[in-house]
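Read the structure below first, then the notes.
Sequence lines set the chain letters: A, B, ... in the order given, protein chains first and strands last, and positions in each chain run from 1. Just so it is clear, the values below take in all heavy atoms, side chains as well, and ignore hydrogens, waters and symmetry mates.
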Amino acid sequence: MSSPVVTRFAPSPTGFLHIGGGRTALFNWLYARGRGGKFLLRIEDTDRERSTPEATAAILKGLTWLGLDWDGEVVSQFDRKDRHAEVAHEMLARGTAYKCFSTPEEIAAFRAEAEAKGASYAVFQSPWRDADPATYPDAPFAIRMKAPRTGETEIRDEVQGIVTIKNETLDDMIVLRSDGTPTYMLAVVVDDHDMGVTHVIRGDDHLNNAARQQMVYTAMGWTVPVWAHIPLIHGPDGKKLSKRHGATGVEEYQAMGYPAAGMRNYLTRLGWAHGDAEIFTSAEAMQMFDLKGIGRAPARLDFKKLENTCGHHIAMTEDAALLQELEGFLLAAGKPALTALQRDRLARGLYCVKDRAKTFPELLEKAQFAMTSRPVAIDEAAAKNLDTVSRGILKSLTPRLQNASWTKEGLETILNDAAAENGIGFGKLAAPLRAALAGRTATPSVFDMMLVIGRDETIARLEDAGA
RNA sequence: GGCCCGUUCGUCUAUCGGUUAGGACACCUGGUUUUCAACCAGGUAAGAGGGGUUCGACUCCCCUACGGGCUGCCA
């Protein structure tokens, strides 16, 4: 009985992929993928003034980075304009739409007059709705849907519940403009129907539109899809997310160094919950995701939680995959690529830094000891740990290091012995070592650093430090 | 203005008429520790306001306040 689920993401190519759009796409993707369905992508480019191929490319790139793969070819709504016009004319033939010869000027005048009269609102009622075709002038016309003027339209929404809209508040929307091009209201319905979309999951800014779109489904005798209008994302201050909140485009998040898996996890949990589940993989999310768990109130973006979530994912990711994504970050952020040596050291050293970082810049910062090359720059705080006494102790270390077995156990033995012989705690020895090895006071464990950079580099850095 | 939607710790949320209102992030305290993180233990912190309905409301209804959306020959 259950037909396969088909969802879609249908952005307008007027800019980069908005973080809110990314989440909408994510919800559609999770819903379809978790049910063995299809997730389609359609670019709503009927507005020729504002649509650009660059924006389309940016959206595709953003989705790809987020790891949201779509099925089949990307559909261009503009390419389907003939089909839209065909449906408009079919509505005409069915009597569910009519030719309207009112000009934009006349309509504007009607609204101005209504406003002047103090009317709180005015639904434009075309005089051509029931006009006799014999009276039609030889002039351009728009095709308007003949919407019911009484009664109400009921939207059964999986997120919002049952929403009823009074038909009298809805005008006879134009489905085909006087220049023959389709409007969004018509195109979206025709495309969703033709593409076999079963679940329309989109922002709740379309909730009111759903009523009018549902009328088109009814007029054409088509099956109405399952509606799910999700609340928009707001900025930390609760206001609609905008430029002044900082990053609004997903590519900005990539450039800031958030891992895609972490973004997916965070965005999934933003406005959706499944018991106490917080950290999960996309495979797990697909199993859990449902429309029922989507909240009705707009959620605010919280960068602290985003970071925390990303931290878990960086720690969870396999070293090889992490290194690959890190290089993608470097590219996206316009930072210099890794040298062969850095790449090699990072590959070996990721294990001791990946559970300490929340973002890629932080990961790189923690791995500084592996990235840097000699002579190691020593900062002021670290330099204080390199007095003559400690330098002497370090110096006594080098011959032993030369012959040490280069394992954590071997190094532990040597360093602990050295500390004991000098009558100092291990901490007193670790501080100058850290300074010589990394030039800093905050680093991973000295053993890990030595293991990662190797014997020769370790000894060389100790000698550089004057040991 | 009209219509539609929303409102639980600072934030994301659980609860689906009866709970000491739970979890996570953040924050604070303590522990662990070679530094920094991480980690472990504990703590502070919530039902917008007002009316109902009910033996009993965070849960249901109404009003108000606040927030958001729609109200185009834009999408």
Side-chain angles (χ1 to χ4, degrees), chain A residues 10-14 44-47 49-51 77 100 102-104 107-108 111 115 118-124 140-144 155 157 159-161 163-166 168-171 173-179 181-185 187-188 203-212 229 231-232 234 236 238-240 266 269-279 293 295-309 311 315 353 355-358 362 366 381-382 385 415-416 419 425-431 433-435 438 440-447:
Chain A
S12 311
T14 55
E44 310 227 312
D45 51 359
T46 54
D47 184 338
E49 302 275 299
R50 299 194 297 155
S51 300
Q77 189 160 65
C100 172
S102 295
T103 64
I107 297 168
R111 292 209 173 94
E115 200 173 322
S120 52
Y121 71 101
V123 171
F124 176 69
F141 60 87
I143 296 181
R144 300 187 99 105
I155 297 297
D157 195 284
V159 175
Q160 308 288 339
V163 179
T164 56
I165 315 267
K166 289 185 192 64
E168 64 190 42
T169 65
L170 268 21
D171 64 358
M173 65 174 180
I174 288 175
V175 291
L176 202 69
R177 301 187 185 96
S178 50
D179 65 359
T181 60
T183 59
Y184 160 76
M185 290 290 181
V188 70
D204 67 4
D205 48 333
H206 288 288
L207 182 56
N208 285 278
N209 292 336
R212 320 166 93 172
H229 290 92
L232 269 16
H234 285 186
K239 301 288 186 185
K240 187 181 175 185
Y266 175 72
R269 267 295 279 110
L270 190 60
W272 173 85
H274 184 82
D276 289 338
E278 293 285 352
I279 302 299
R296 283 103 2 228
R300 305 180 188 199
L301 223 41
D302 179 358
F303 283 83
K304 279 292 204 310
K305 185 150 185 174
L306 202 213
E307 285 183 9
N308 179 277
T309 303
V353 289
D355 58 354
R356 324 159 65 104
K358 298 177 167 68
E362 199 181 337
K366 303 274 187 199
N385 293 324
L415 296 188
N416 281 323
F426 180 69
K428 288 288 180 195
L429 176 59
L433 252 179
R434 215 184 310 279
R440 300 185 177 190
T441 52
T443 74
S445 140
V446 292
F447 300 114

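- Counting non-hydrogen atoms under 4.0 angstrom, A:Ala431 reaches nothing in the nucleic acid.
- In this structure, CZ of A:Arg212 is placed 8 Å from C1' of B:U71, rounded to the nearest angstrom.
- A search for side chain to side chain contact (heavy atoms under 4.5 Å, CB included) contacts involving A:Leu170 returns A:Ile165, A:Asn167, A:Ala211, A:Arg212, A:Met215, not counting sequence neighbours.
- In this view, A:His234 satisfies the ring pair (Phe, Tyr, Trp, His ring centres under 6.0 Å) rule with no residue, not counting sequence neighbours.
- A search for side chain to side chain contact (heavy atoms under 4.5 Å, CB included) contacts involving A:Asp276 returns nothing, not counting sequence neighbours.
- The distance from atom CG of A:Leu207 to atom C1' of B:U71 is 13 Å, rounded to the nearest whole Å.
- Between the side chain of A:Thr183 and the backbone N or O of A:Ile174, at least one donor-acceptor pair lies under 3.5 Å.
- By the side chain to side chain contact (heavy atoms under 4.5 Å, CB included) test, A:Asp302 pairs with A:Tyr266, A:Lys304, A:Lys305, sequence neighbours left out.
- Base contact: A:Asn209 has a heavy atom under 4.0 Å from a base atom.
- Using N1 to N3 plus N6-O4 or O6-N4 for Watson-Crick, or N1-O2 and O6-N3 for G-U wobble, each under 3.5 Å, B:C36 pairs with nothing.
- Pairing for B:G6 is with B:C66, a Watson-Crick or G-U wobble pair whose two hydrogen-bonding atom distances lie under 3.5 Å.
- In the set B:G67, B:C25, B:C5, B:C25 carries the atom at the smallest distance from any side-chain atom of A:Asn308.
- Side chain of A:Gln160 to backbone of A:His229: a donor-acceptor contact under 3.5 angstrom is found.
- With a 3.5 Å ceiling on both atom-pair distances, the Watson-Crick or G-U wobble partner of B:G1 is B:U71.
- Taking only distance into account, the side chain of A:Ser178 meets the base of B:C73 through a donor-acceptor pair shorter than 3.5 Å.
- Applying the 3.5 Å distance criterion, the base of B:U34 shares a donor-acceptor pair with the side chain of A:Arg434.
- Put simply, CG on A:Asp276 is 11 Å from C1' on B:U15, counting in whole angstrom units.
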Checklist entry - In B/S/- notation, 5' to 3', how is nucleotides 6-12 of chain B contacted by protein heavy atoms closer than 4.0 Å? => result SS---BB
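- Computed from coordinates, the A:Leu415 CG to B:U34 C1' distance equals 10 Å when rounded to whole Å.
- Atoms CZ (A:Phe426) and C1' (B:U33) sit 11 Å apart, rounded to a whole Å.
- To the nearest angstrom, P of B:C4 lies 15 Å from CG of A:Asp204.
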Checklist outcome for this item: B/S/- along nucleotides 36-43 of chain B (protein heavy atoms under 4.0 Å) is BBS-----
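- Taking only side-chain nitrogens and oxygens, A:Arg111 comes nearer than 4.0 Å to OP1 or OP2 of B:G72.
- For the pair A:Asp171 and A:Ala10, both in contact range of RNA chain B, the more 5′-proximal nearest nucleotide belongs to A:Asp171.
- When heavy atoms are screened at a 4.0 angstrom cut-off, A:Ile174 is found touching base atoms of the nucleic acid.
- If you check B:U29 for Watson-Crick or wobble pairing at under 3.5 angstrom, you find it paired to B:A41.
- Across all strands shown, B:G18 is found opposite B:C55 as a Watson-Crick or G-U wobble partner, with both distances under 3.5 Å.
- For A:Arg50, the salt bridge (Lys or Arg N to Asp or Glu O under 4.0 Å) partners two or more places apart in sequence, or in a different chain, are A:Asp47.
- The CD1-P distance, from A:Ile155 to B:C70, rounds to 16 Å in whole Å.
- Looking at residues two or more places apart in sequence or on another chain, you find a side chain to side chain contact (heavy atoms under 4.5 Å, CB included) between A:Ala357 and A:Glu362, A:Leu363.
- Using a 4.0 Å heavy-atom cutoff across all strands shown, A:Thr309 reaches no nucleic acid atom at all.
- Proximity note for A:His234 (side chain, C-beta onward) versus B:G68, B:C4, B:C73: the nearest is B:G68.
- Among residues two or more places apart in sequence or in another chain, the salt bridge (Lys or Arg N to Asp or Glu O under 4.0 Å) test is passed with A:Arg300 by none.
- Within the 4.5 Å cutoff, the side chain of A:Leu433 has heavy atoms near those of the A:Leu415 side chain.
- If you take atom P in B:A45 and the same atom in B:G22, they sit 12 Å apart, rounded to whole Å.
- Straight-line distance between the P atoms of B:A37 and B:C60: roughly 45 Å, to the nearest whole Å.
- Taking the six-membered ring where tryptophan is involved, the planes of A:His206 and A:Tyr184 are tilted, since the angle between them lies from 30° to 60°.
- Straight-line distance from the CZ atom of A:Phe447 to the C1' atom of B:U33: 12 Å, rounded to whole Å.
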